[in-house]
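Structure first, then comments.
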Amino acid sequence: MVKIFEQTLSTGWYFKQVDDAEQAWMPVPSIPSVVHQDLLANGEIPDPFIGFNELRTDWVGERAWVYRRSFQSPPIHPNAVVDLLFDGLDTFAKVKLDGTTVLESDNMFLSHRLNVTDFLKAQKQHVLEIEIDSALIRARKIKDSHPHHRWVGYNGEMARLGVRKAQYHWGWDWGPLLMTAGIWRPVRLEMYSIRVDDICVETQLSKDHQAVTVMASAQMTGDSPAVYKAVFSLSLMGHEMESKIVSIDTNGNAKADIDIVNPQLWWPNGYGPQTLYEISVCVTKDGEAFHQVSKKIGIRTAEVVQELDKHGKSFLFRINGVDIFCGGSCWIPADSFLPSITKDRYRQWIELMAAGRQVMIRVWGGGIYEDDSFYDACDEYGIMVWQDFMFGCGNYPAWPAMLDSIRKEATYNVRRLRHHPAIVILAGNNEDYQVQEQEGLTYDFEDKNRDNWLKSDFPARYIYEELLPTVIREECPWVFYHPGSPWGDGKPTSDPTVGDLHQWNVWHGTQEKYQIFEQLGGRFNSEFGMEAFPHLETVNYFVKDEIDRFPQSHIMDFHNKAAGHERRIATYVEENLRTSTDLQTYIHLTQVVQAETMLYAYRSWRRQWGDNRRCGGALVWQLNDCWPAISWAIVDYFLRPKPAYYAIARALTPVAVGVEREHHDWSVSHARPPKTIKYNLWVASSLQTEVVATVELRFISISTGSEICQSRTNRGIHVMPNGTTDIILDGIIDCVAYPEAHVLAARLWIGDRIVSRDIDWPQPYKYLDLTHRGLEINESVRTDDERIIVISAKKPVKCLVFEARDGVSLSDSALDIVPGDDQTVTITGLNASDEALGWKFLGQ
């Protein structure tokens, strides 16, 4: 018998084109990788992220590639098994060991474990070779061989629907067409007599949260498992709380229940600590340990509450009995070349979310089931995960071989992810029911005959309403399943009274004004967005020639994949702001529009949370980019937050004041000003206890900075916990008596500390003269790597944005400043000798 032994196979690889006998083998820096990374490292292609280089690398995805390395057999114990493991192959891969085919794979989302003991008994150099065919060419052949399927959808080539590969690799409306191939996750050898194959953990928490039963089971594989014992142990912060030694049955199964009193719970970001316990299973014999596997778990309850009410049917998340307003973001893969995303880079993304007071991230269905380190970070920072299965924007086929592959894919990934406390919902797809509606595909919600589904022109219904829920019932019945996003009990996906909603009538669709987002929401707004340019530093990365550095250059348009983006960006900028052709100013203008859009959305929908949970959450499309681009991302590819990131963070302050005047549609009224206008003032709270607050509202002239009428101060306000407290409803501004354009500036104190501000501006900004603001930025404190600056102004300032600089972080940015209310910003990462950050505001 032998204890488990692992040997990574990350180095020593070479690669070349399959059909090029003249080409020399090129070295691979390291595995995991994809062929684009390896070609770039060998100087064979230019950086696809720069300029038009994406076009110069199209040929890469049309070729087949072969990877090869040799290795020496490890000494093998007579009773040992040696497995060859592939955590991920992208995508059509044929694996040969010493010339013998041992695996043919066609699903990027699966891992593979191969018993190669007989091969490696010969103590010699072995040759491992992996041929990877072009997914693009194979997909087209698959499509051609199934002419009766309706190959419809949007984004990318529709042949993608027949291949289990990350769909965004076919190009999307925010990402390039970079058809990758390679060994995209680790490869290793594993030798053992017996091993722990899998752990499943379910927790049952008492209603009063004072006791929990941790029910753990494990599957062992290897030599006569019944002669071994399994040791289950539960630890907290390195301290073992309890352990149990149990028998293993002849099938390799072992179970143990561990009871805890007064457990420490796992909470979402901002609601409590993210306590993580560790459950471990060790397989032993005669006191000797042979293999141990550990997983971090959290003790919590998670519900999706769907109850009939005056607004329709609710859709909200309840964690440990507490209703959570889910302010957060949607997530796409953070790179076109997935192996380049390091554990640290994943952590930086999730740290940004937590610092921005977000509580939920939606892993979108056209990308990947993310790396373990992504979910680990979400667990540790309290970011709840809405996890889509990998189907996006199309009518997916469902022939038997495809269903078998999907079932394996779903089972593997559910087992891999089910222990994470952050994962609170699994959803069948992204927008596939919208494709069904738009293409007129057959869908009768009342027809429950599964055979009919498979015979229809929308066979994917079987995947979302039969196959996936069956896998979840078998593998993790405690996780809520939602057939798609958006989805609402079989009703039209645009129905705002049920389920979740993708609200794209701002930007796409009818291109409504962002100022009316309050009227456009549903019970849970799981997608909405507004495009903006990234920071100038990011633009300069992909635009190398000065002649191309203007807003409408060919390269700029090439790095914005959204159809019609020219008209849409121009529409929203032109409607709201004074335009400019200066690149830096134009970047700022688009960012102002995006930030304002997010403010109106999050501020309004969070207010609705207090109205019988009318809105259960808001997830902006999107948090991130997969390459340097102009897109809907609120943080660009290089982790540089755009102003919208800060606007969202302020709207999600635990106790947030909100002020907003009713929308006066200047385009419909032919720019005639109103005679009176209503406004509302309120406080939104996510705290679980009541607090007493003071709220002040000032009316400040934009042209002079003076108060045009007496301010209003409300003291001793008892702020409703986890809800909304209205301070002024339908307040009236007499525009005849007070015609001067002015802001409504609100501040909220708890005790003697200002905890929230909000400023409502007359719309549109293009009518306002925002020059000559009397802005002052003074440094008050400096340490070795931290500066605290104080910002003041003589007249109201809109969207003061500080320069983005790598390694430098800001406590706040994209600020509105009014006279008499100085604000402070902490800047970290600047050395004493570094220049101060540059800045820009609207009208500068």
### Query
Say you draw a straight line from CZ of Arg150 to CG of Asn395; how long is it, rounded to the nearest 0.5 Å?
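So the gap between those two atoms works out to 7.5 Å.
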
### Message
To the nearest 0.5 Å, what is the distance between CG on Leu114 and CG on Leu189?
### Response
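Those atoms lie 10.5 Å apart.
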
Distance-only donor-acceptor check, side chains [X] and [Y], under 3.5 Å:
X: Tyr369; Y: Glu409; answer: yes
X: Trp331; Y: Glu370; answer: yes
X: Thr180; Y: Lys165; answer: yes
X: Ser30; Y: Ser10; answer: no
X: Asp432; Y: Tyr464; answer: yes
X: Tyr396; Y: Arg160; answer: yes
X: Ser485; Y: Asn430; answer: no
X: Thr100; Y: Asp98; answer: no
X: Ser247; Y: Lys229; answer: yes
X: Ser111; Y: Asp87; answer: no
X: His112; Y: Ser105; answer: yes

Mind checking ring pair (Phe, Tyr, Trp, His ring centres under 6.0 Å) for [X] and listing every partner two or more places apart, or none if nothing turns up?
X: Trp399; answer: His146
X: Tyr67; answer: Phe15
X: Phe49; answer: Phe337, Tyr637

Should [X] and [Y] count as side-chain neighbours, where that means a heavy-atom distance under 4.5 Å?
X: Phe389; Y: Val414; result: yes
X: Asp376; Y: Asp371; result: no
X: Trp65; Y: Ile130; result: no
X: Lys121; Y: Val82; result: no

Validate the cation-pi geometry between [X] and [Y]: distance from NZ or CZ to the six-membered ring centre under 6.0 Å, angle to the ring axis within 45°.
X: Lys285; Y: Tyr228; answer: yes
X: Arg195; Y: Tyr192; answer: yes
X: Arg164; Y: Phe391; answer: yes

Atom [atom1] of [X] with >12 non-hydrogen neighbours under 6.0 angstrom:
X: Leu55; atom1: CG; value: yes
X: Lys295; atom1: NZ; value: yes
X: Lys255; atom1: NZ; value: no
X: Tyr14; atom1: OH; value: no
X: Lys408; atom1: NZ; value: no

### Query
Do side-chain atoms of Asn413 reach the backbone of Phe109 as a donor and acceptor pair under 3.5 angstrom?
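It does hold such a pair.
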
Taking NZ, NE, NH1 and NH2 as the nitrogens, is one of them in [X] or [Y] under 4.0 Å from a carboxylate oxygen of the other?
X: Arg418; Y: Asp198; value: yes
X: Lys561; Y: Asp173; value: no
X: Glu465; Y: Arg450; value: no
X: Arg347; Y: Glu380; value: yes

### Query
Can you name the salt bridge (Lys or Arg N to Asp or Glu O under 4.0 Å) partners of Asp335, sequence neighbours left out?
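Listed in chain order: Arg345.
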
### Task
Please name all residues satisfying salt bridge (Lys or Arg N to Asp or Glu O under 4.0 Å) with Glu131, sequence neighbours left out, ordered by chain then number.
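Applying salt bridge (Lys or Arg N to Asp or Glu O under 4.0 Å) to Glu131 gives Lys96.
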
#### Entry: Partner set under side-chain contact (heavy atoms from CB on, under 4.5 Å) for Pro32, not counting sequence neighbours
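For Pro32 the side-chain contact (heavy atoms from CB on, under 4.5 Å) partners, ignoring immediate neighbours, are Pro186, Pro339.
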
### Task
Begin with the C-alpha distance, continue with both residues' side-chain angles, and end with the deciding distance and a verdict on ring-ring contact (aromatic ring centres under 6.0 Å, His included) for Trp174 and Trp364.
CA-CA 13 Å; Trp174 36 257; Trp364 167 75; 5.2 Å; yes

